[in-house]
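Below, chain A is the first sequence line, B the second, and so on; all start at residue 1. What you see is a predicted model; the values in this text were computed from it and never measured.
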Number of protein chains: 2
Amino acid sequence: MARYAKLDERSMQILRAVVNCYIATAEPVGSRTISRKYNFNLSPATIRNIMADLEELGYLKHPHTSAGRLPTEQGYRFYVESLTKERLQLQQPIAGIEKCYNRRFAEISHLLRYTSKILSSTTHCIGVVSAPRIEDMMFKHMNFVHLRDNLVLVVFVSRSGSVQQKVIEVSESYTQEKLDQMARCLNEHFKDVPLFYIRTRLLDMMRQDKQLYDELLERALRLSRQVFDSSEETTVYIDGQLNILNHPEFEDLKKMKAMFGAFEEKSQLILILDKCLEGGGLRVLIGSENQIEEMKDCSFVTTTYKAGDSVMGALGVIGPTRMEYSSVIPLVEYTAKMVSRMLSRM
Amino acid sequence: MARYAKLDERSMQILRAVVNCYIATAEPVGSRTISRKYNFNLSPATIRNIMADLEELGYLKHPHTSAGRLPTEQGYRFYVESLTKERLQLQQPIAGIEKCYNRRFAEISHLLRYTSKILSSTTHCIGVVSAPRIEDMMFKHMNFVHLRDNLVLVVFVSRSGSVQQKVIEVSESYTQEKLDQMARCLNEHFKDVPLFYIRTRLLDMMRQDKQLYDELLERALRLSRQVFDSSEETTVYIDGQLNILNHPEFEDLKKMKAMFGAFEEKSQLILILDKCLEGGGLRVLIGSENQIEEMKDCSFVTTTYKAGDSVMGALGVIGPTRMEYSSVIPLVEYTAKMVSRMLSRM
DNA sequence: GTTTAGCACTCTCTGATAGAGAGTGCTAAA
DNA sequence: TTTAGCACTCTCTATCAGAGAGTGCTAAAC
């Protein structure tokens, strides 16, 4: 924290006050406003001096000479870090969320989709939830359906109720009976095995009992692998994109268009969520800290959710840099806790 | 067509010219512009007189006294009707579409999603495609997977490669074996039967062979029915919503917000597409002819697509009232033809 | 009788200008 | 070190004038 060395306690208080005020009003904050609304017992002139210092240190900026100040990204960064040090707790809206999760979700996809809606509506930002990667899932059931010619529909069900399906093309034409047999074989051998483990497991089995399953299993696996491998892209549930229209900073049509465009290209979003997975736990990306050019006026608040002890995916919100971090952060954390609880039960 | 009784050929030509011009420029059209760009060999003054007449008859309107004219909805209606009478044909972009469909689609849902993208990108409007209703599908394969406790995952595959899945709660807990048995029973008996026909078919069978299948089939059907009945809402594929941002009439942030909001609520959209299904064939809804308040500045161009001889669903585009009907209409019709061809092959 | 030229009129759009308001930065006093 | 005072800067709004586009009407031409 050497970066903040030059800040005495009073300057920090004023900086926090400015950020607070700007978050609330979206207007540049003047020295008079601060001296009136917060009782520092300092005259506007004094505050002016301090604000000038803060500007020089890079925490605040000026749209033009005669306007008030607003936070730079560095200013937000400081604000957010001092917030998270406080370990925020929010009670009232959290009770509402708890109630939302007082129901049963049959499929994991429903739970996640619902969660992104909850996130967007409670925070008035855009809610995002990334689905667990397929390798992390537990094998539960597999099914092959002969469609026509050499087309086979493969349906995979994970233990947590996630369903993946894909039509694949095979070189030889199997009868439905043969396909059923193959599926039964897979289902017997891989029940409750994590997908990423199947290959290893298979090698083990072949060593033990070489001839018996060789051919059938081999074929069945070849079929199913196509489904697992094909999930190049993690699914992401996004909700409340319209919410950004309500924030005054996006009145600018051009900016807005660019943002919407960025959402169409989900891969970048996935990258950011994936990074959250690696890091684990809460992450706040402020403004251009995210790599998406079109979203340099947005902040990301993300965290991970788990099933039992293992991290499954990431969730969070995207909103204007000027979002209400003090309520959004605990809301995102709490939601992740709820999702984890639901998942662990499944 | 008594409505157009008062229009002589010349007035109609000028009306068409004004609509054309307005569609191209999005600016009110003056009499001088018409007399210059189209060679009617009439002076602006004469055209002015005719335009005044057209205004009195309700085909044109004035934003303010000293501005040019633009079409009313009645004006567009006339324009579109005289267009469709001409039986438009468009060659060049159509070749492009043909090429797009030169590939195989394993699943019907892929074909439809792709189609809505094609529609939006070729017309620069919003593409919409409604999926076939489940009752119209042919039974191909059914599968039950025991999840946990009393939860069963039901997967239904139609002959055209559409996959529906749903988790349902059952009163008694079946073993996976029992479930497999039930599924096999269903699959044997209902192969290639249209869903809406299954009930009748079942009654037939029970009459013939009362005891044999009674209990098992009954249970299996009870399970599966929940999937069929639950599809209350037709799926709709929507693409290119961002396209409307490019049309100058939606610069107004408020209008735009209202429109985006209307898209979130898909049920109204489904209503409109369903109506197209009933009517059959091409339908053009201009402005407030659609019942959605927020879309009263938009037009719908929709038609139906078929598999073989039976109508399966509707597709079309949504764009500003001021859309290029002369190219959009044939594009929509051609796309529907391509989809029908693809479907009939599946 | 229809078409056209001419002209006054209306409305929007643009740019210039001025004054109010908000806030700063500097200086000098407390 | 803090504060009061004051000149200065910049934005925002309203007002105004002139240009431009287009109409509607009238009277003349075909």
Side-chain angles (χ1 to χ4, degrees), chain A residues 6-15 17-22 24-72 75 248-249 251-252, chain B residues 6-15 17-22 24-72 75 248-249 251-252:
Chain A
K6 287 202 169 182
L7 290 187
D8 54 16
E9 183 55 38
R10 198 180 60 176
S11 305
M12 297 203 285
Q13 274 176 4
I14 289 190
L15 175 52
V18 173
V19 181
N20 250 325
C21 212
Y22 183 69
T25 63
E27 306 270 300
V29 185
S31 53
R32 239 178 76 90
T33 315
I34 295 290
S35 97
R36 246 187 340 201
K37 282 202 187 165
Y38 300 78
N39 42 356
F40 291 121
N41 291 322
L42 292 174
S43 78
T46 313
I47 291 178
R48 234 170 5 248
N49 287 332
I50 299 172
M51 279 163 89
D53 293 347
L54 286 170
E55 179 160 358
E56 199 167 0
L57 290 170
Y59 294 102
L60 295 178
K61 68 182 172 190
H62 246 167
H64 56 88
T65 36
S66 73
R69 256 94 174 192
L70 52 103
T72 59
E249 41 267 80
E251 293 259 303
D252 181 9
Chain B
K6 286 199 170 183
L7 290 187
D8 53 14
E9 184 54 36
R10 198 180 60 178
S11 306
M12 296 201 286
Q13 275 176 3
I14 291 192
L15 175 51
V18 172
V19 180
N20 250 325
C21 210
Y22 183 69
T25 63
E27 305 269 301
V29 185
S31 53
R32 238 178 77 89
T33 316
I34 295 291
S35 95
R36 247 187 339 204
K37 283 202 187 164
Y38 300 78
N39 42 356
F40 290 122
N41 291 321
L42 292 174
S43 76
T46 313
I47 291 177
R48 235 171 2 248
N49 287 331
I50 298 171
M51 280 163 90
D53 292 346
L54 286 169
E55 179 160 359
E56 200 168 1
L57 290 169
Y59 294 101
L60 295 178
K61 67 184 173 190
H62 245 167
H64 56 88
T65 35
S66 74
R69 256 95 175 191
L70 51 101
T72 58
E249 42 266 79
E251 292 259 301
D252 180 10

Where along residues 34-42 of chain A does a heavy atom come under 4.0 Å from DNA chain D, residue by residue in number order? A:N41, A:L42

As an exercise, state the distance from OH of A:Y59 to OG of A:S11, rounded to the nearest 0.5 Å. 10.0 Å

For a stem of at least 3 consecutive Watson-Crick or G-U pairs with distances under 3.5 Å, i pairing with j, i+1 with j-1 and so on, which stems involve DNA chain C? C:1-30 with D:1-30

Residue met sooner reading DNA chain D from 5', once B:S66 and A:T65 are mapped to nucleotides: A:T65

Residues touching DNA chain D, which here means a heavy atom under 4.0 Å, drawn from residues 44-54 of chain A: A:A45, A:T46, A:R48, A:N49

To the nearest 0.5 angstrom, please state how far the CG atom of A:L54 sits from the CE atom of A:M51. 8.0 Å

Sort and list the pairs that fulfil salt bridge (Lys or Arg N to Asp or Glu O under 4.0 Å) and have at least one residue in residues 34-45 of chain B, not counting sequence neighbours. none

Quick one: list whatever passes side-chain contact (heavy atoms from CB on, under 4.5 Å) with B:E27, sequence neighbours left out. B:T25

Residue pairs, two or more places apart or on separate chains, that pass salt bridge (Lys or Arg N to Asp or Glu O under 4.0 Å) and touch residues 39-52 of chain B: none

Who pairs with A:S66 by side-chain contact (heavy atoms from CB on, under 4.5 Å), at least two apart in sequence or on another chain? A:H64

Distance check, rounded to the nearest 0.5 Å: A:T72 atom OG1 versus A:L57 atom CG? 10.0 Å

What pairs with B:Q13 under side-chain hydrogen bond (donor to acceptor under 3.5 Å, both in side chains), at least two apart in sequence or on another chain? none

Start and end of the DNA chain D segment that chain A contacts, any atom under 4.0 Å from a heavy atom: D:dT2 to D:dT11

Residues two or more places apart in sequence or in another chain: which of them pass side-chain contact (heavy atoms from CB on, under 4.5 Å) with A:D53? none

Distance in Å, B:L60 CG paired with B:Y22 OH, rounded so as to fall on 0.5 Å steps: 11.5 Å

Identify, with sequence neighbours excluded, every residue that meets salt bridge (charged side-chain N to carboxylate O under 4.0 Å, His left out) alongside A:E9. A:R16

Taking only residues two or more places apart in sequence, or in another chain, which ones meet B:A52 in a side-chain contact (heavy atoms from CB on, under 4.5 Å)? B:R69

